[in-house]
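Every chain is numbered from 1, with letters handed out A, B, ... down the list of sequences. What's counted below: heavy atoms across the whole structure, side chains too, no hydrogens, waters or symmetry copies.
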There are 2 protein chains.
Amino acid sequence: MPRPSQPILSRDLIFRTALAKLDRTGGFTIPEIAHKLGVSVSPLYHHVKGRADILEGIRGLMADWDATTTDLPWQEAVAAWARNYRDSFAKHPAAIPALVAQTITEQSVLNQYESLAAILSDAGFSSRSVVLSVSMIDALCLGSALDLGAPSTIWQRSDEHRSALQNAVDNATLGDDRAEQAFQLHLSLIIAGLTDLLSSDLESETTVP
Amino acid sequence: MPRPSQPILSRDLIFRTALAKLDRTGGFTIPEIAHKLGVSVSPLYHHVKGRADILEGIRGLMADWDATTTDLPWQEAVAAWARNYRDSFAKHPAAIPALVAQTITEQSVLNQYESLAAILSDAGFSSRSVVLSVSMIDALCLGSALDLGAPSTIWQRSDEHRSALQNAVDNATLGDDRAEQAFQLHLSLIIAGLTDLLSSDLESETTVP
DNA sequence: ACCTGAACACCGTTCAAGT
DNA sequence: ACCTGAACACCGTTCAAGT
């Protein structure tokens with residue numbers, strides 16, 4: 001059974017296979033991927049540097065979003081950015097813990113942060129406000145992503161003993177929408193905060209006539 | 001060299017040793033802990049169920065906070081809760097990725113969430129508002145903790161090419177305080193949002209006279 | 001009860017050797 | 001260039017056997 005002369009492997013194929021395994025089983029292993037692709041383990045290392053490289057490739061797959069929807073008011077642009085980032089995680093919740101443990105090197109993702117900073121900067125935010133805003137939006141998206149990827153056991157009802165939290169969960173009738181609605185509200189609070197930041201930035205600018 | 005009849009090992013000792021290694025090197029291994037404690041590997045399993053058990057033990061050590069500072073207005077109680085939770089992570093940034101990947105089973109931590117829900121519930125928040133509020137505060141603390149534990153590479157200056165984000169970071173003069181100040185502002189925004197939630201909860205209550 | 005030493009079934013990674 | 005097969009240095013976990 002000779003191998004086809006067409007190359008079997010590619011970085012993209014390896015990344016997609018790993019992401020699929022991650023989605024289905026919550027983890028992946030180099031031997032698993034090799035087996036799935038019908039090759040032995042070592043040729044994989046001809047295409048990727050190692051496990052960390054594969055994880056960064058997966059990050060790139062997930063964050064591959066459509067376009068920088070420009071020409072929007074900054075509030076909407078920031079909201080779209082955050083929603084997009086969170087949704088890219090939401091589609092692959094099982095991948096989140098693995099990604100979150102690893103430093104971002106994937107250029108496309110770094111570019112996304114850059115474009116967020118540009119949106120704010122162009123809107124007139126001071127340097128300090130840009131840094132604080134990006135930090136908060138980053139925490140929002142990562143925190144919400146974790147809530148999706150490994151939701152706290154606190155949200156699952158245990159009939160052991162009545163508690164304030166359990167009662168709230170039972171009565172809230174939010175169901176599966178809990179994480180989504182919390183994200184939406186959280187995002188709107190941050191945008192309101194950014195609006196205030198911008199106002200005081202513009203005020204102190206006029207102080208220097 | 002006979003072993004002392006005094007027991008050498010204990011769950012607490014194992015947890016502390018593992019946390020110390022985690023703090024120093026960013027990871028730990030069962031053989032490493034055994035070696036550090038001067039025993040072989042297997043007796044560890046006489047005290048802990050396995051690696052996951054050790055991680056939960058570490059979570060318990062970290063979250064072991066002083067007291068439920070009651071008798072505070074709910075805004076301050078919530079702020080103290082969040083600060084306490086975040087700070088407990090901040091002291092052990094290297095442990096965060098490992099903890100965040102694992103479901104919480106440690107009872108003391110679950111109790112903390114419970115006490116947060118009780119604060120809100122007692123203050124008059126509706127069930128829905130309690131669930132949304134706890135979700136947001138959870139995301140805030142976890143997101144900020146990750147920012148501390150594995151800060152994005154975006155915050156490190158690379159002289160490659162000028163960018164909106166790099167310029168902002170260079171000019172912001174926030175330095176090491178970036179994560180701290182972002183957390184503080186973020187927290188105040190959420191508390192402002194909770195205040196609004198409570199207002200509408202109380203309004204709709206009076207609608208039913 | 002608490003320990004030792006050895007074993008098991010895995011990892012990720014590398015390397016000589018084939019076509 | 002791309003693959004095979006085997007090896008290496010590790011893991012986490014278990015178990016018979018000692019005291």
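- Rounded to whole angstrom, the span from the CD1 atom of Ile14(A) across to the P atom of dC2(D) amounts to 11 Å.
- With a 3.5 Å ceiling on both atom-pair distances, the Watson-Crick or G-U wobble partner of dG5(C) is dC15(D).
- In this structure, CZ on Phe15(B) lies 7.0 Å from CD1 on Ile54(B), to the nearest 0.5 angstrom.
- Atom NE2 in His46(B) sits about 9 Å away from atom C1' in dC3(C), given to the nearest Å.
- Rounded to whole Å, atom P of dC2(C) lies 13 Å from atom CG of Leu44(B).
- Of the N and O atoms on the side chains of Gln181(B) and Arg128(A), at least one donor lies less than 3.5 Å from an acceptor on the other residue.
- At whole-Å resolution of the value, CG in Leu13(B) and P in dC2(C) are 13 Å apart.
- Between Ser10(A) atom OG and His47(A) atom NE2 the span is 7.5 Å, to the nearest 0.5 Å.
- Tyr113(B) and Asp138(B) share a donor-acceptor pair across their side chains, judged by distance under 3.5 Å alone.
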Start with the C-alpha gap between Glu180(A) and Arg86(A), add the side-chain angles, then the distance that decides, and say whether salt bridge (charged side-chain N to carboxylate O under 4.0 Å, His left out) holds. CA-CA 10 Å; Glu180(A) 166 61 27; Arg86(A) 194 207 87 130; 2.9 Å; yes
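- Distance NE2 (His35(A)) to P (dC3(D)): 16 Å, rounded to an integer number of Å.
- Geometrically, Arg83(B) does not engage Phe183(B) in a cation-pi contact defined by less than 6.0 Å to the ring centre and at most 45° from the axis.
- For Ser40(B), the side-chain atoms get nearest to dT4(C) when compared with the rest of dC3(D), dT4(D), dT4(C).
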Could you run down the sub-3.5 Å N/O contacts of the protein with nucleotides 10-13 of chain C?
{"residue": "dC11(C)", "atom": "O5'", "partner": "Thr29(A)", "partner atom": "OG1", "Å": "3.3"}
{"residue": "dG12(C)", "atom": "OP1", "partner": "Arg51(A)", "partner atom": "NE", "Å": "3.1"}
{"residue": "dG12(C)", "atom": "OP2", "partner": "Ile30(A)", "partner atom": "N", "Å": "3.0"}
{"residue": "dT13(C)", "atom": "OP2", "partner": "Tyr45(A)", "partner atom": "OH", "Å": "2.9"}
{"residue": "dT13(C)", "atom": "OP2", "partner": "Arg51(A)", "partner atom": "N", "Å": "2.9"}
{"residue": "dT13(C)", "atom": "O5'", "partner": "Tyr45(A)", "partner atom": "OH", "Å": "3.3"}

